[in-house]
Amino acid sequence: MVVEISAQAVQQLREKTGLGLMQCKKALGETGGDLEKAIEFLRKQGAAVAAKRVGRETKEGKIVFASSGSNVAALEINCETDFVSASDDFNAFAAKAVKAIAASAPADVEAAKALSVDGTTLGEAQTAAIAKIGELITLRRFSVEKAGAGEQIETYSHMGGKIGVIVKIAFQGEANDKAGLTSLVKDLAMQIAATSPISIDPKDVPPATVEKEREIARELTIKEGKIGDMLERIVEGKLNKFFKENCLLQQIFVKDNKTQIDKLLATSAKTLGVENLRVVSFHRLQLGQ
């Protein structure tokens, strides 16, 4: 007879163990809904070690990448110490986790933990890794991009995995220098790692952010004693400077301080023999940010 597991019972088990939704639901299913037996079941799986680590700070870790088909994923995975982040066991689990995420592109971390990995779930594999390593390991966040026709994705890792970037570009035509195209996209990823833009283009900046920056610029300019038309011109100048510093296409290329990124794309398109070369999206993950 199949026992129906209530959401309340699952929540109680989560509160007692600090473990994930799917793990708790499975444990209750295996034990007929008995809370104490479910806790014992989890302990036998090594989950007791994981439960004891709940609440510990996980400030270390790294950003890891994997590709599967046309998908590319970046995952921030955390642990308690820098020593563990360099260990074989931690990196083996990190590689397994990001590979599963790249293959399935789950909606969120909770959905990722339910993915099937080597005959178990990713959440259960996480518990086993915690039990083996003896530190709390958390899957903090991830991003997945899919490359379609006329698109290319590249990644960049900085500071030993403390910063990770995925960038996707699109273009029309066939590049006459595929290595050159790849190098360009990697340069864009490096640019994003170094400068941390908030958007591709000024039009993509949230209106609330633009208004906040305009308000700050106006207050500063008023304090400088400027009024009237001059005030508004200076405010707009300050706002344009904000865009140049924070919007990828208006930034100065870190490898050539005379070239703006939008101009780099335009000249590169001509050199590579493609048209409409553009940045479609990017994700910048920084450890702990």
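Computed from heavy atoms alone, side chains included, the values below leave out hydrogens, waters and symmetry copies. Residue indices begin at 1 and follow the sequence shown.
For R141, the side-chain hydrogen bond (donor to acceptor under 3.5 Å, both in side chains) test picks out E76, with sequence neighbours left out. For K226, the salt bridge (Lys or Arg N to Asp or Glu O under 4.0 Å) criterion is met by no residue, not counting sequence neighbours. Residues meeting the side-chain hydrogen bond (donor to acceptor under 3.5 Å, both in side chains) test with S116, sequence neighbours left out: none. With sequence neighbours excluded, the residues forming a side chain to side chain contact (heavy atoms under 4.5 Å, CB included) with N91 are K62, listed by chain and number. With sequence neighbours left out, the side-chain hydrogen bond (donor to acceptor under 3.5 Å, both in side chains) criterion links E211 to R214. For K238, the salt bridge (Lys or Arg N to Asp or Glu O under 4.0 Å) partners are E224, not counting sequence neighbours. A search for side chain to side chain contact (heavy atoms under 4.5 Å, CB included) contacts involving E30 returns K26, F41, not counting sequence neighbours. Partners of D82 under the side-chain hydrogen bond (donor to acceptor under 3.5 Å, both in side chains) rule, at least two apart in sequence or in another chain, are S85.
The closest side-chain donor-acceptor pair between K168 and S281, if any, does not fall under 3.5 angstrom.
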Residues E36, D34; criterion side chain to side chain contact (heavy atoms under 4.5 Å, CB included); working and verdict: CA-CA 6 Å; E36 295 305 318; D34 187 298; 3.7 Å; yes
Give the C-alpha distance, both sets of side-chain angles, the deciding distance and a yes or no for side chain to side chain contact (heavy atoms under 4.5 Å, CB included) between E60 and E80. CA-CA 6 Å; E60 298 298 333; E80 297 174 37; over 6 Å; no
Output, in order, the C-alpha distance, side-chain angles, deciding distance and verdict of side chain to side chain contact (heavy atoms under 4.5 Å, CB included) for E124 and M22. CA-CA 9 Å; E124 289 166 340; M22 297 305 295; over 6 Å; no
Pair E232, R218 - check side chain to side chain contact (heavy atoms under 4.5 Å, CB included), show working. CA-CA 8 Å; E232 294 307 319; R218 180 172 285 108; 2.9 Å; yes
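Taking CG of L265 as the reference point, atom CD of Q260 lies at 10.5 Å (rounded to 0.5 Å). To the nearest 0.5 Å, atoms CD (Q8) and CG (L13) are separated by 12.5 Å. The OH atom of Y156 sits 10.5 Å away from atom CZ of F65, with the distance rounded to the nearest 0.5 Å. The distance from the CD atom of E135 to the SG atom of C79 is 5.5 Å, given to the nearest 0.5 Å. Going from atom NZ of K96 over to atom CG of D118 covers 4.5 Å, rounded to the nearest 0.5 Å. To the nearest 0.5 Å, the span separating CE on M230 from CD1 on I234 amounts to 6.0 Å.
Contact annotation: the side chain of L277 approaches that of I169 to within less than 4.5 Å [non-hydrogen atoms, C-beta and beyond]. Here the side chains of I63 and L75 are not in contact, with every heavy-atom distance at 4.5 Å or above. Contact annotation: the side chain of V144 never approaches that of I166 to less than 4.5 Å [non-hydrogen atoms, C-beta and beyond]. Looking at heavy atoms from C-beta onward, V185 lies in side-chain contact with V167 at the 4.5 angstrom threshold. With contacts defined as side-chain heavy-atom distances shorter than 4.5 Å, the pair E145/N71 does not qualify. Between T209 and F242 there is a side-chain heavy-atom pair separated by less than 4.5 Å. Inter-residue side-chain proximity for F171 and L181 is flagged as met; some heavy-atom pair is nearer than 4.5 Å. Side chains of K113 and T121 form no contact here, defined as non-hydrogen atoms less than 4.5 Å apart.
Between A38 and L28, the closest heavy-atom pair is CB-CD2, 3.8 Å. The two atoms that bring F142 and A112 nearest to each other are CE2-CB, 4.1 Å, heavy atoms only.
Linking ILVMFWY residues whenever their side-chain heavy atoms come closer than 4.5 Å, directly or via other members, places V117 and F93 in the same cluster. Both V165 and F253 belong to a single network of hydrophobic side chains, linked directly or stepwise wherever heavy atoms of I, L, V, M, F, W or Y lie under 4.5 Å apart. Following chains of ILVMFWY side-chain contacts shorter than 4.5 Å, one cannot reach I77 starting from L287, and the two form parts of different hydrophobic clusters. Linking ILVMFWY side-chain heavy atoms closer than 4.5 Å, directly or via other members, places L249 and L184 in a single hydrophobic cluster. A continuous path of Ile, Leu, Val, Met, Phe, Trp and Tyr side chains, each step under 4.5 Å between heavy atoms, connects I130 with L139, placing both in one hydrophobic cluster.
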Taking distance alone, no hydrogens or angles, what donor-acceptor pairs closer than 3.5 Å link side-chain atoms of residues 98-109 to residues at least two apart or in another chain?
| unit_1 | atom_1 | unit_2 | atom_2 | d |
| --- | --- | --- | --- | --- |
| D108 | OD1 | E110 | N | 3.3 |
| D108 | OD1 | A111 | N | 2.8 |

Which atom pairs, one a donor and one an acceptor, fall under 3.5 Å between side chains of residues 147-155 and the rest of the protein, sequence neighbours left out?
| unit_1 | atom_1 | unit_2 | atom_2 | d |
| --- | --- | --- | --- | --- |
| E151 | OE1 | G148 | N | 2.6 |
| Q152 | NE2 | E154 | OE2 | 3.0 |
| Q152 | NE2 | T182 | OG1 | 2.9 |
| E154 | OE1 | K186 | NZ | 3.4 |

Only pairs under 3.5 Å count here: list side-chain donor-acceptor contacts from residues 187-206, not counting sequence neighbours, and write none if there are none.
| unit_1 | atom_1 | unit_2 | atom_2 | d |
| --- | --- | --- | --- | --- |
| D187 | OD1 | K255 | NZ | 3.1 |
| Q191 | OE1 | V254 | N | 2.9 |
| Q191 | NE2 | Q251 | OE1 | 3.1 |
| Q191 | NE2 | I252 | O | 3.1 |
| T195 | OG1 | Q191 | O | 2.8 |
| T195 | OG1 | Q251 | OE1 | 2.7 |
| T195 | OG1 | Q251 | NE2 | 3.2 |
| S199 | OG | D201 | O | 2.9 |
| D201 | OD2 | K203 | N | 3.3 |
| D204 | OD2 | D201 | N | 3.2 |

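Listed for the S87 side chain is no donor-acceptor partner under 3.5 Å among the backbone atoms of F83. A donor-acceptor pair is defined here as one N or O able to donate and one able to accept, closer than 3.5 Å; such a pair exists between the side chain of S268 and the backbone of L264.
Grouped with L231 in one hydrophobic cluster are I222, V235, the linkage being side-chain heavy-atom contacts under 4.5 Å among Ile, Leu, Val, Met, Phe, Trp and Tyr residues.
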